[in-house]
Protein chains: 2
Amino acid sequence: MTVQDERADAARNRRAILEAANQLFASSHSPRDVSMDDIAAAAGVGKGTLFRRFGDRASLVRQLYAIRLAPLREKIESGPPPLGPTAAPRERVAAIIDALALVKLQNSHLMLALEEGGGPASSVYQSPDYLAVHGLLADLIAADIDRHRAAWIAHMLLACVRADLLRHLVEVDRMSHAKIRANLIDFVERTLSP
Amino acid sequence: MTVQDERADAARNRRAILEAANQLFASSHSPRDVSMDDIAAAAGVGKGTLFRRFGDRASLVRQLYAIRLAPLREKIESGPPPLGPTAAPRERVAAIIDALALVKLQNSHLMLALEEGGGPASSVYQSPDYLAVHGLLADLIAADIDRHRAAWIAHMLLACVRADLLRHLVEVDRMSHAKIRANLIDFVERTLSP
DNA sequence: GCATAATACGGACTGTTAGTCCGGTTGTCA
DNA sequence: TGACAACCGGACTAACAGTCCGTATTATGC
């Protein structure tokens with residue numbers, strides 16, 4: 001057992017917790033309805049174990065989020081066009097926004113938990129994930145479209161795919177996923193045009 | 001004393017509570033740092049009084065918000081152009097977004113409290129205020145720009161003036177209020193152009 | 001002024017939650 | 001197999017939103 005490996009029981013519990021948390025968030029109307037006690041109980045694990053593994057609620061949610069985002073991250077970092085690095089900047093920005101929207105639509109429960117519960121002073125905007133995608137978008141926009149307003153435009157595009165807005169469009173405005181994505185792509189293209 | 005008037009002590013306490021709450025939210029880093037006990041104590045009032053007047057935390061925050069928003073609402077409903085009803089739709093939309101951003105920048109503490117703490121399942125998007133301004137913007141956009149995408153565009157424009165985004169732009173990206181508003185106006189105009 | 005009833009007050013109380021702590025247990029390795 | 005490090009569980013704490021009811025204040029009719 002090398003030093004950074006966890007013990008077998010620890011690994012088993014970690015998986016059980018992630019699984020249970022994901023399940024509970026998915027089947028709850030609001031992330032607030034899911035308490036840490038609920039998650040521990042559903043995972044068949046003591047509360048102490050849950051908190052020792054994940055530190056606090058926000059970290060648990062972030063790990064769940066990271067797991068769901070990993071495939072997209074992979075495609076963006078080293079996949080084929082239009083998401084990968086060899087795509088033309090303009091198409092790549094549109095593809096990234098569309099893919100983000102898709103992931104958020106498909107995992108809205110988790111995304112809501114992430115954007116909501118963060119923690120006292122923790123803004124979504126300071127999370128490594130937001131910073132990374134914002135930085136990438138800003139670079140792409142700066143390279144091809146508008147050097148001066150790149151950071152600004154990147155923020156605006158990301159504001160348009162916030163999980164709570166998407167959720168509202170789906171659940172209250174009854175807009176289909178397809179229509180949301182079509183509108184979004186159109187919107188991005190207009191925004192990126194001169 | 002007519003039936004809808006409140007007793008003198010009740011009126012005094014209501015004002016004290018609103019004042020104290022506003023003060024506390026303004027001087028706190030995050031709305032979460034301000035508890036209802038804090039507000040009651042600062043207002044020199046018992047907790048029961050606070051909850052009897054306002055029902056719950058979300059209502060209190062909404063009332064504070066409504067007070068700050070009242071002047072703008074007034075200008076939009078019956079003021080002169082560019083905010084009032086006689087303005088050309090395109091200019092009016094831009095003016096409304098700009099004015100909203102200004103109010104939010106000037107009252108960021110309250111706006112954060114509103115967008116954050118809402119309540120279990122209460123989305124910002126279902127509040128009467130959001131619905132009202134979204135409806136107005138959608139109507140204006142439908143009348144003059146794009147009938148088909150009006151509701152969508154209105155949502156996107158409002159997403160761009162969310163309090164937490166504005167706060168991030170100010171406090172982390174160190175963007176000046178003037179620059180934010182300039183970028184925003186430019187962005188809105190581009191969005192509303194064919 | 002004063003009696004009276006309606007109204008409002010305050011703070012002790014409840015229920016729930018995130019997060020901590022430590023005595024006991026289990027897995028790993030020699 | 002034995003020893004020890006890592007891990008486990010759930011009782012515990014602190015803090016919070018929201019409730020309740022005996023007491024105090026206010027308006028009103030006389």
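Computed over heavy atoms, backbone and side chain alike; hydrogens, waters and symmetry mates excluded. These numbers were taken from a predicted model, which means no experiment stands behind them. Quick note on labels: first sequence line is chain A, next is B, and so on, each numbered from 1.
- Comparing dC8(D), dG27(C), dT26(D) by their nearest atom to the side chain of Ala8(A) picks out dG27(C).
- With hydrogens and angles left out, the side-chain atoms of Ser30(A) and Asp33(A) include no donor and acceptor closer than 3.5 Å.
- A salt bridge does not link Asp173(A) with Lys179(A): every distance from a Lys NZ or Arg NE/NH1/NH2 to an Asp or Glu carboxylate oxygen is 4.0 Å or more.
- Taking 4.5 Å as the limit, some side-chain heavy atom of Leu184(A) sits within range of a side-chain heavy atom of Cys160(A).
- If you check every strand for non-hydrogen atoms under 4.0 Å, Arg53(A) touches sugar and phosphate atoms only.
- In the set dC8(D), dG27(C), dA18(C), the nucleotide with an atom closest to the side chain of Asn13(A) is dC8(D).
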Check step by step if side chain to side chain contact (heavy atoms under 4.5 Å, CB included) holds for Arg162(A) and Leu165(B). CA-CA 11 Å; Arg162(A) 282 190 61 133; Leu165(B) 175 55; 5.7 Å; no
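- Remark: P of dT17(C) and CE of Met36(A) are 12 Å apart, rounded to the nearest angstrom.
- The side chain of Arg57(B) places no N or O atom within less than 4.0 Å of a non-bridging phosphate oxygen (OP1 or OP2) of dG18(D).
- With dA5(D), dC16(D), dT17(C) as the candidates, the nucleotide lying closest to the side chain of Ser35(B) is dC16(D).
- One interatomic measurement links the two molecules: CZ of Arg12(A) to C1' of dT26(C), which rounds to 10 Å at whole-angstrom precision.
- Both Gly48(B) and Val34(B) lie near DNA chain D, and the one whose nearest nucleotide falls closer to the 5' end is Val34(B).
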